[in-house]
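Only one structure is covered here, and it is reproduced in the block below.
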Amino acid sequence: MVGFPSANGKHIVTIERDMGNAVPTNDQDSQTFAQIMEQVAVGYTDLDIMLGPIYDSDYMPFEALGYVAIGGYDGGATDENTHYHSTTDEVSFVDMDYVVSITKMVLVTVLKEAGHVN
């Protein structure tokens, strides 16, 4: 989840990577991919990066099947967002500049992994 900035107005993203869950053989690839994503964020966006472990999210069943999993979310602003998962969760509360930065981070990371960006 991204788009709701923290109370201090910073654009923070937590990049979650596998640090030892159901399938340990995919941990290193997850950590490497997260490191690349962090480097891309620093080079292409205004995002402040935090690293954390993956846990208790939609991607965990994929990790349990051996897929490499990483995740990104808004760095704790979810706790501050009183509209999260409610009927008042509307686009007017989304910081579009923040979403653009997240989109850049993900897109450039994918292009880098595909060999289209150095």
Side-chain angles (χ1 to χ4, degrees):
M1 189 190 110
V2 297
F4 192 85
S6 64
N8 63 13
K10 289 188 174 190
H11 293 162
I12 301 169
V13 64
T14 298
I15 299 172
E16 299 175 326
R17 71 261 193 249
D18 200 343
M19 304 292 289
N21 287 289
V23 180
T25 57
N26 58 14
D27 291 1
Q28 187 58 54
D29 287 339
S30 174
Q31 293 167 27
T32 299
F33 196 77
Q35 184 178 33
I36 292 166
M37 185 172 275
E38 177 185 24
Q39 292 167 351
V40 165
V42 169
Y44 289 86
T45 74
D46 64 346
L47 296 168
D48 290 332
I49 303 300
M50 296 180 359
L51 296 174
I54 63 169
Y55 66 95
D56 197 30
S57 192
D58 299 351
Y59 43 70
M60 294 310 291
F62 296 98
E63 188 279 335
L65 291 173
Y67 291 97
V68 175
I70 64 168
Y73 77 102
D74 61 12
T78 301
D79 298 335
E80 300 169 15
N81 184 350
T82 58
H83 308 286
Y84 181 63
H85 284 181
S86 75
T87 58
T88 62
D89 195 357
E90 300 172 359
V91 73
S92 62
F93 298 112
V94 175
D95 180 334
M96 288 302 172
D97 290 333
Y98 188 16
V99 173
V100 166
S101 291
I102 296 291
T103 303
K104 283 181 188 177
M105 178 187 71
V106 172
L107 180 60
V108 175
T109 300
V110 169
L111 290 172
K112 189 174 189 72
E113 283 298 297
H116 299 293
V117 174
N118 294 329

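Taken from CD1 in I36 to CE in M105, the straight-line distance is 13.0 Å, to the nearest 0.5 Å. In this structure, CG on D74 lies 8.5 Å from CD on E80, to the nearest 0.5 angstrom. Rounding to the nearest 0.5 Å gives a distance of 5.5 Å between CD1 of I12 and CG of D48.
Using a 4.5 Å heavy-atom cutoff, the side chains of H11 and T45 are not in contact. Put simply, the side chain of V13 reaches to within 4.5 Å of the side chain of I49, judged on heavy atoms. Taking the side chain as every heavy atom from C-beta outward, M19 and Q31 approach each other to under 4.5 Å. In this structure, R17 and T32 have side chains that are not in contact, with every pair of non-hydrogen atoms separated by 4.5 Å or more.
Nearest heavy-atom pair, F93 versus F4, reported as atom, atom and distance to 0.1 Å: O-CD1, 3.6 Å. Heavy atoms only, all atoms of each residue included: S86 and T88 are closest at OG-OG1, 2.9 Å. Closest approach of I54 and N21 over heavy atoms only: CG1-ND2, 3.3 Å. Here the closest non-hydrogen pair linking G52 and T14 is N-CG2, 4.1 Å. Minimum interatomic distance between V91 and M96 (heavy atoms only, all atoms of both residues): CG2-CE, 3.4 Å. In terms of heavy atoms, H83 sits closest to N81 at N-OD1, 2.8 Å.
Within a 6.0 Å sphere centred on CG of D58, other residues, nucleotides and ligands contribute 12 heavy atoms or fewer.
L107 and V99 fall into different hydrophobic clusters, defined by Ile, Leu, Val, Met, Phe, Trp and Tyr side-chain heavy atoms under 4.5 Å apart, directly or through other members. If you chain together hydrophobic residues whose side chains sit under 4.5 Å apart, I70 and V2 fall into the same group. In the hydrophobic clustering of ILVMFWY residues, with side-chain heavy atoms under 4.5 Å counting as a link, L111 and I102 come out apart. Clustering ILVMFWY residues whenever any of their side-chain heavy atoms sit less than 4.5 angstrom apart, transitively, puts V40 in a cluster other than the one holding I15.
Pairs passing the ring pair (Phe, Tyr, Trp, His ring centres under 6.0 Å) check and including a residue from residues 36-60, sequence neighbours excluded, do not occur. For residues 101-114, the set of pairs meeting the side-chain hydrogen bond (donor to acceptor under 3.5 Å, both in side chains) definition, not counting sequence neighbours, comprises D46-S101.
Residue F62 belongs to a hydrophobic cluster whose other members are L65, Y67, with links defined by side-chain heavy atoms closer than 4.5 Å.
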